[in-house]
Structure formats: C-alpha cells, structure tokens
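Only one structure is covered here, and it is reproduced in the block below.
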Amino acid sequence: MPEGPSILLMKESIQKFEGEKVIEAGGNAKIDKEILTGRTLKQIKTFGKQTYLVFDDVAVRIHLLMFGSHSVDEQTKPDRQLRLSLIFSNGSMYFYTCNVKMVDTEFLKKIDWEADVMSDNWKPLKAEKKLKSNPEMMVCDALMDQDIFSGVGNIIKNEVLFRIGVQPESLLGKMPPKKIKELIKEARNYSFDFLEWKRDFTLKKHWKAHTKKICPKCGENLIKKQTGKGKRRSFYCEIDQELYQ
DNA sequence: TGCCATGTTAAACT
DNA sequence: GAGTTTAACATGGC
C-alpha cells in the first residue's frame, strides 16, 4: 500500500474529517491519546509516505511502513491489532500496522516540502542540485532517498528506471544531464500514473518491470538483483537499460 | 504453507 | 565516532 500515491489516496479518504472534533481516540499507539479528545483536526498534510494529522499545537505523524493499512467508518472489526482510531461525529478512521508519533507543530516547519514529488510545491531544480552534489551515488539509492524524492518507493523506482532506460546501479555523476532531467521528470510523472492506476485497482496490470520476468520491449529475461545501499530488489533489462559507470 | 515484501528506525556490530 | 549490519515491527499475497 504505502508509496506516496497510496498515501494521497488515504488522505482523500479521510479528508471529510478535516475541521471535525475528536470524540474519542483509541488503539495501542504509544502516544498520549487522551490529549486528542475534544480537539479539532485542523488539517491533514502528507509529505511523501508520511501523513500528518494536524491539531492546534501538536500533530500526529502516521507512517504505514511496509504493511500498514487504514480504514474509514468500518462496520466489522478486522482481526488485527488496532494501532490508532479517531472517532468523530461524522465517522471514524482506523490505522493498522503503522508507526504513530506525536510531534510538535514546530516540527512541520522543518520539513522540506519541496522534496515531495507529488506536491504542488515540488521543485525539480532543487532535486537536480541534490543529485549533482552526490556524483558517487547509485541512481537506485537516489530515487529511494526520501530527502530527494520523497514519496518514491521501490515499485516507482523500478518503473521509472525502466521508462528512462537506465540501469539501477548507474552512478549519478556518470549519467548525461539529459538522463538526470528525465529521471526527475519521470519520478513525478510515474507517481501520478501510479495514483490513477491505484485508484482504479489496476496498478499491477501496468507494471512493466517490477516483479516481471520478461522485458516488454525486447522479450529477453529481466535481471532481478538486490541493488544499492538499501539492497532493495531491482528488476531491469540489460539490453534496454544502460549502465552508466 | 512458507516465504517474501510497496519501509524505517534503532540497536548492535566493526 | 563513523560506517555497516541486523532486528524489529506484523500482515497480505502468491
């Protein structure tokens, strides 16, 4: 579930609670839930894979990690441990298997919102600068770097690299400037394609490389390999994706 | 049925 | 102290 586009969909699904007052907070999250009772949910903000439920002077940060999920106005209780629930007069939201943290609203001011690839404030030039200052970095690590491409996850990484024809272990400093520009453009572009496909429940159908065995361009076998510092799995075609090193 | 994974942090190492 | 590796979290899909 939890790459940037999925988080935007989650935000949409809980948008109706913005401006509503918390009647009750529950779940096993290790935060002081009591203080939320009676407070108004002022705003819901997302930054990459993180969601912030903003109240007057505090914000609840929710990160779905790898297997997190959520539901709205659920009728029957799933047999999972409830991490956090917020009950409002017009319904309720539930979060499971996620990291929940209470932060000061001051904390929000320190976030580099312009690093969020799906945000209106996304600054491609800023990303370009960050990439230029890391010539030794592998492109697969760069895409997964939440300070550069906040919201991009492993699926997006694999699909973007396939689209622009770049091998995941390519070094940023060795890639032609044109490729760097394509990289930045597609990181955002593909994220929005992901968003629409996810909304239509057709995301997997559109995967070209991720978890695939055969290259859709040339028909050869795709390589599956753990790449980069993060050692996350990459799927790529040796013929159609050039290695810059 | 067992293994693996769309992610991150912190502890435990070297 | 820096950098690297491992564990922990806990669930759904194949």
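Everything numeric in this text was worked out from a predicted model, so none of it was measured. Chain A is the first sequence line, chain B the second, and so forth, proteins listed ahead of strands; every chain is numbered from 1.
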> Under 3.5 Å, is there a donor-acceptor pair linking the side chains of A:Gln15 and A:Glu12?
Replying inline: no
Residues 101-108 of chain A, side-chain donor-acceptor partners within the protein, below 3.5 Å, at least two apart:
residue	atom	partner	partner atom	Å
A:Asp104	OD1	A:Glu106	N	3.3
A:Thr105	OG1	A:Asp57	O	3.2
A:Glu106	OE2	A:Lys109	NZ	3.0

> A:Phe149 versus A:Leu131: any side-chain heavy-atom pair under 4.5 Å?
Replying inline: yes
> Is there a residue in residues 220-234 of chain A whose heavy atoms reach under 4.0 Å of DNA chain B, and which residues are they?
Replying inline: A:Arg232, A:Arg233
> Atom CD1 of A:Ile155 to atom C1' of B:dC4: distance rounded to whole Å?
Replying inline: 14 Å
> Which letters describe nucleotides 9-14 of chain C, given B = protein heavy atom under 4.0 Å from base, S = only from sugar-phosphate, - = neither?
Replying inline: -BBSSS
> With sequence neighbours left out, what residues match A:Lys225 under side chain to side chain contact (heavy atoms under 4.5 Å, CB included)?
Replying inline: A:Glu169, A:Ile223, A:Thr227, A:Tyr236
>> Looking at A:His210, I'd like to know whether one of its side-chain N or O atoms comes within less than 4.0 Å of OP1 or OP2 on B:dT6.
In response: yes
>> Whether the side chain of A:Gln241 engages the backbone of A:Cys237 through a donor-acceptor N/O pair (distance < 3.5 Å, no angle test) should be reported.
In response: yes
Side-chain donor-acceptor contacts of residues 151-162 of chain A below 3.5 Å, not counting sequence neighbours, with atom names and distances?
residue	atom	partner	partner atom	Å
A:Asn154	OD1	A:Lys157	NZ	2.7
A:Asn154	ND2	A:Arg233	O	3.1
A:Lys157	NZ	A:Arg233	O	3.4
A:Lys157	NZ	A:Ser234	OG	3.0
A:Asn158	OD1	A:Phe235	N	3.2
A:Asn158	ND2	A:Asn154	O	3.3
A:Asn158	ND2	A:Arg233	O	3.3
A:Glu159	OE1	A:Lys208	N	2.9
A:Glu159	OE2	A:Lys208	N	3.2
A:Glu159	OE2	A:Ala209	N	3.0
A:Glu159	OE2	A:His210	N	2.8

> Can you find a heavy atom in the side chain of A:Phe47 that is under 4.5 Å from one in the side chain of A:Arg61?
Replying inline: no
>> Using the salt bridge (Lys or Arg N to Asp or Glu O under 4.0 Å) criterion, which residues pair with A:Lys45? Sequence neighbours excluded.
In response: none
> Quick one: ring pair (Phe, Tyr, Trp, His ring centres under 6.0 Å) partners of A:Phe88, sequence neighbours excluded?
Replying inline: A:Phe17
>> Are A:Asp112 and A:Lys126 packed together at the side-chain level, in the sense that at least one heavy-atom pair is separated by less than 4.5 angstrom?
In response: yes
> Mind checking what makes ring pair (Phe, Tyr, Trp, His ring centres under 6.0 Å) contact with A:Tyr94, not counting sequence neighbours?
Replying inline: none
> With side chains defined as the heavy atoms from C-beta onward, is the minimum distance between A:Phe192 and A:Met118 less than 4.5 Å?
Replying inline: yes
> How far, in whole Å, is C:dT5 from B:dT6 if one measures between their C1' atoms?
Replying inline: 23 Å
>> Tell me every residue that passes salt bridge (Lys or Arg N to Asp or Glu O under 4.0 Å) with A:Lys33, counting only those two or more places apart in sequence or in another chain.
In response: none
>> Quick check against the 3.5 Å criterion: does A:Arg188 have a side-chain atom that pairs as donor or acceptor with the backbone of A:Ser119?
In response: yes
>> Does either side chain, that of A:Thr51 or that of A:His70, offer a donor lying less than 3.5 Å from an acceptor on the other one?
In response: no
> Stems in DNA chain C: runs of 3 or more consecutive Watson-Crick or G-U pairs, distances under 3.5 Å?
Replying inline: B:2-5 with C:11-14, B:7-14 with C:2-9
> What is the per-nucleotide protein-contact pattern of nucleotides 9-14 of chain B, from the 5' end, where B denotes a base atom under 4.0 Å from a protein heavy atom, S denotes such proximity for sugar-phosphate atoms only, and - denotes neither?
Replying inline: ------
>> For the P atoms, the ones on B:dC4 and on C:dA7, what distance do you get once it is rounded to whole angstrom?
In response: 15 Å
> B:dC4 C1' sits how many Å from A:Met66 CE, rounded?
Replying inline: 9 Å
> What parts of residues 137-152 of chain A reach DNA chain B, counting only heavy atoms under 4.0 Å away?
Replying inline: A:Met144, A:Gln146
